[in-house]
**Q** 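The structure is given below, and queries will be raised subsequently.
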Amino acid sequence: MPDAAVTLPDLIARKRDGRKLVVLTCYDALFARLLESAGVDLLLVGDSLNQVLGGRASTLSATVDQMIYHAGSVRRGATRTPIIVDLPFLSYQVSIAEAVRNAGRVLAETECHAVKLEGGAAMVPTVAALVERGIPVFGHLGFTPQSVNLLGTRVQGRDTAVAERMCEDAVGLERAGATAIVLELVPSRVAAAITAAIGIPTIGIGAGVECDGQVQVLHDMLGLNPDFSPRFLKRYAQLADDVRDAVARYADDVRHGTFPDASHSFD
Ligand code: KIV
């Protein structure tokens, strides 16, 4: 039996108790229902939907309206699980006023529970402003996909100075009132040091086992995206094979006139 749904204020206690947070991305109502019934603690409507569903090379062209559409769908599918929604590129970086307006729209129009934004010290005033206005914020450090053109897709923090800055960024985000911090593509020892340095949970993806929770991109861990095999991904199913097999059998039935049969037809 899954635990009762975790609420955002529970997260700090979860960290203290050492109970790991199970987080998956989710972009639609159908999967949201399945993930909630499987007992996932938190759902993330990631702007990765721009790549996974939209076939784009990066997250950069995701829009607030797209995030609202998908987040609303997830919320209708998962009625008890806290849902975090990514603020897309340029929806929060231009000014604090725009960040408040866009984050407020996301929560008001979707009834989801928190937003996530990328960045360290430069984002601290924005995080503080959102939190002061009642908007829970998740941070995101390490490899931040909206900065892919600056960073490349590579592990961040192997360099001591970068690792120390990341740790300071995490402390700054916590002081600004962030609820939790995603650490992406960070050496395990650096993620462990950050996890020990702050009171809010860290949620890792490619950041080692010492984080307070783990997040994976749902379609990747289900094996729906077989051409994508980064080191940090573990596949728990091979659904691409199942899809191809099911469609091939359907096509065969249709072509041979064995579907529909009487049991799928009406008098
Ligand atoms: O957009 C996303 O899916 C994310 C996760 C990779 C953490 O930010």
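For reference, positions follow the sequence shown, starting with 1. Atoms within each ligand, like the ligands themselves, are counted from 1 in listed order.
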**Q** Is any NZ, NE, NH1 or NH2 atom of the basic residue among Arg19 and Asp212 found under 4.0 Å from an Asp or Glu carboxylate oxygen of the other?
**A** no
**Q** Students should be able to answer this: which protein heavy-atom is nearest to atom 3 (O) of ligand 1, and at what distance?
**A** Ser48 OG, 2.5 Å
**Q** Do Val23 and Val40 come close enough that some side-chain heavy atom pair is under 4.5 Å?
**A** no
**Q** Enumerate the atoms of ligand 1 whose separation from the nearest heavy atom of Gly46 is less than 4.0 angstrom.
**A** 1 (O), 2 (C), 3 (O)
**Q** Taking atom 1 (O) of ligand 1 as the point of reference, which of Asp86, Val23, Asn50 owns the nearest heavy atom?
**A** Asp86
**Q** Measuring centre to centre across the rings, with the benzene-like ring taken for any Trp, is Phe31 within less than 6.0 Å of His219?
**A** yes
**Q** Determine whether Gln156 and Met166 make a side-chain contact, defined as any pair of heavy atoms from C-beta on separated by less than 4.5 Å.
**A** yes
**Q** Against heavy atoms of Thr25, which atoms of ligand 1 measure under 4.0 Å?
**A** 3 (O)
**Q** Taking distance alone, with no angle check, do Lys116 and ligand 1 share an N/O pair under 3.5 Å?
**A** yes
**Q** For His140, state whether at least one heavy atom is located under 4.0 Å from any atom of ligand 1.
**A** yes
**Q** Answer yes or no: does an N/O atom from Tyr27 fall short of 3.5 Å to an N/O atom of ligand 1?
**A** no
**Q** Mark yes when over 12 heavy atoms from residues, nucleotides or ligands other than Tyr69 sit less than 6.0 Å from its OH; otherwise mark no.
**A** no
**Q** Val94, Met67: one ILVMFWY side-chain cluster at the under-4.5 Å cut-off?
**A** no
**Q** Identify the closest protein heavy atom to atom 5 (C) of ligand 1: which residue and atom is it, and at what distance?
**A** Leu44 CD2, 3.8 Å
